[in-house]
Colleague: 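Just passing along the structure, written as structure tokens.
In what follows, chains carry the letters A, B, and so on, assigned in the order in which the sequence lines appear, proteins first and then strands, with residues in each chain numbered from 1.
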Amino acid sequence: MSRRPVDLTRWLVVAPPTLFLLAFFLAPALIVVAASLREPGEFGGLAPLDNLRQLTAESYRFLLGDPIYAEIFARSFVVAALTTLICVVLAYPLAWLIARSPKRRRDFLVLLVVLPFASNFLVRIYAWIMLLGPANLLYTPFAVIAGLVYVHLPFMVLPLYTNLEKHDPALLEAAQDLGASRWTRFWRITFPLSLPGIGSGSALVFIPVLGMFAVPELLGGTGDILIGNLIKEQFLDNRDWPLGSALSILLTAAVLGLAGVAALAGRRGAGGTGAVS
Amino acid sequence: MITSAMPLLQIRNVTRRFGAFTAVDAVSLDIEAGEFFTLLGPSGCGKTTLLRMIAGFDAPDAGELLLDGRPLAGIPPEARPLHTVFQSYALFPHMSVAGNVAFPLEMAGCAKDEIRRRVAETLALVHLEDKGAQFPHELSGGQKQRVALARGLVNRPRLLLLDEPLGALDAKLRQEMQGELIRLQRDVGVTFVFVTHSQQEALALSHRVAVMKAGRVEQCDVPDRLYTQPANRFVADFIGKINLIEVEVVAASKIQLHLRAEGLGAIAATDPRPLRPGDRGAFALRPELLRVHAHGEAAGLKNHFSGTVRELLYLGDVTHYKIALDCGLVLEALMPNAAPGRAKFHEIGDPVAVSWRHDAGVFLHEPPAR
């Protein structure tokens, strides 16, 4: 009896975001899938589709046939992994220091971390051009990685800080009491408990880097293009929408596959811990 | 407790200040090997600060701590041969029960085989032999408590410090764990230093208890002496229930002590101490040492006073009375309901009389402050 209004309320609350996601996330994704199976139009866009037999896997065949695309995929994943790793190494001490500061100073330090968001992303990348140009580092792989790390560092610091801040100091005291040195306390207690934070931070860095095209385009040389640049090129320069769509689908599939593997590994490794997330 | 061997832990004149607040004030205690020693006191009395200084998480401002005769100063917590059981248990959430218990052995660099054997042994000791593979969040409060104990005992420390370890458990479980703690300590033989604010826990568990107040030790004694021979008004009042009557010494000899209480009159007591007429203090009397008589019964005895029942609390095994004496003083009395010869229950408003033996109470001498 009393369940009815509760259910209705729940639907009213859940419906708007569901409809929004269906309309503006799932539908475009399906359109991209469909586009990847069509032929390019004579002057860009898509060729008219008269019947379903005109659907073709030609774009996929082309991408899988030319090793240059596999190479760019591989390089993109390496660049994303390297960026993520550098972000972890740089963000960890920062997040740890913020989490260890007196409570009243923490909010201020977090504000400093997100302060760069207050100015436009492109403006900040142009600032890097001015920094790297005189040092003769512009248009190099270094410039690309430096730019990517710079842009994504806050996305690693924030989840890590949120995780580290929740650690119970009694655990470190207990470890010390039971004979663990400072270094052992970090590797046996703090680090394993922060893995969920590293995980969320890595997802927030790794995935956007894969699709990033502005940083490599502005800071990198011709040899530094990533999947993001490739996709952008297909749509805006080559006007081959089906190829661009197929690239997008392959990228999405690769990311989802990777996330699946990570989730499985995480579940097995953690063994169902009550670790803080 | 007099032993010829050196005390395991010597606390000598230890003082700890936080700003203007003195948390621990010139405390000296000797803790013997194999003892179950309890620091008892209300919150803020300094017992936990003292425990943290023994563990090494805090350092005294003055005085020193000696373990086996060697000073502990400058030795960090990880290098002290003692462990702490924390009030929150502080189990490592990402390690299994066996992993938690193995941790101190790994830190000590034990071989894998030995670790496996001793973890199994210790888990059996706390009745968790089948829980080794589980994680802390899958355990009940009592089980977590046992894991914390196993982790603290597994490599046989010289001393196990327990910081209100039963505080987070419900009443029934707490009583169960009390029996368990006594058994464990006896079986393992590790010296326990136990911190609690519960006088019942302290009396039930300990070989000796130090009662603390405002950073000082008020009395350090075996439980039954603490109960029957409290050193002062604070200890008398903090441990169990007690009647306190303001009195003055009228006459004193080796075998007899004559006291006078305002309004009540003469009280006969005993006290071996040399006391002088005019000495003041409190006469402390446990409720169970009072007898309640029907009006007119047993008159003519010493320490016999008439009054009326003001309140009573029937508790099944005992009845708790509050009796207003004719002079206005209210005394509490505890009568076992199944006592032989107990003929009658007294109701509220009944005229009754109370009496006690001349050796029943304790005179708490309080010299005037100079």
Colleague: Can you confirm if the aromatic rings of Phe117(A) and Phe155(A) lie within a centre distance of less than 6.0 Å?
Modeller: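 Centroid distance Phe155(A)-Phe117(A): below 6.0 Å, so yes.
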
Colleague: Going from OG1 on Thr190(A) to CG on Leu172(A), what distance comes out if it is rounded to the nearest 0.5 angstrom?
Modeller: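 These two atoms lie 4.5 Å from each other.
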
Colleague: Which one of Val217(B), Val193(B), Val209(B) satisfies the side chain to side chain contact (heavy atoms under 4.5 Å, CB included) criterion with Leu39(B)?
Modeller: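 Of Val217(B), Val193(B), Val209(B), side chain to side chain contact (heavy atoms under 4.5 Å, CB included) with Leu39(B) is met by Val193(B) alone.
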
Colleague: Would you mind reporting whether Arg146(B) and Glu180(B) have side-chain heavy atoms less than 4.5 Å apart?
Modeller: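 SC-SC contact between Glu180(B) and Arg146(B) confirmed.
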
Colleague: Classify the angle between the aromatic ring planes of Phe36(B) and Phe194(B) as parallel (below 30°), tilted (30 to 60°) or perpendicular (above 60°).
Modeller: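 Because their plane-to-plane angle lies in the 30° to 60° range, the rings of Phe36(B) and Phe194(B) count as tilted.
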
Colleague: For the atom pair CD (Glu64(B)) and CZ (Arg70(B)), what is the distance rounded to the nearest 0.5 Å?
Modeller: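 Answer rounded to 0.5 Å: 13.5 Å.
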
Colleague: For Arg188(A), which atoms come within 4.5 Å of any heavy atom of chain B: side chain, backbone, both, or neither?
Modeller: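 For Arg188(A), heavy atoms of backbone and side chain both lie under 4.5 Å from chain B.
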
Colleague: Do any of residues 175-182 of chain A come closer than 4.5 Å to chain B, heavy atom to heavy atom, and if so which ones, in number order?
Modeller: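 So the qualifying residues are Ala175(A), Gln176(A), Asp177(A), Leu178(A), Gly179(A), Ala180(A), Ser181(A).
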
Colleague: Say you draw a straight line from CE of Met212(A) to OG of Ser76(A); how long is it, rounded to the nearest 0.5 Å?
Modeller: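 So the CE of Met212(A) and the OG of Ser76(A) are separated by 12.5 Å.
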
Colleague: Is it the backbone or the side chain of Ser88(B) that comes under 4.5 Å from a heavy atom of chain A, or both, or neither?
Modeller: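 Contact with chain A: side chain only.
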
Colleague: Where does Leu91(B) contact chain A at under 4.5 Å (heavy atoms): side chain, backbone, both or neither?
Modeller: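 Contact with chain A is through the backbone of Leu91(B) alone.
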
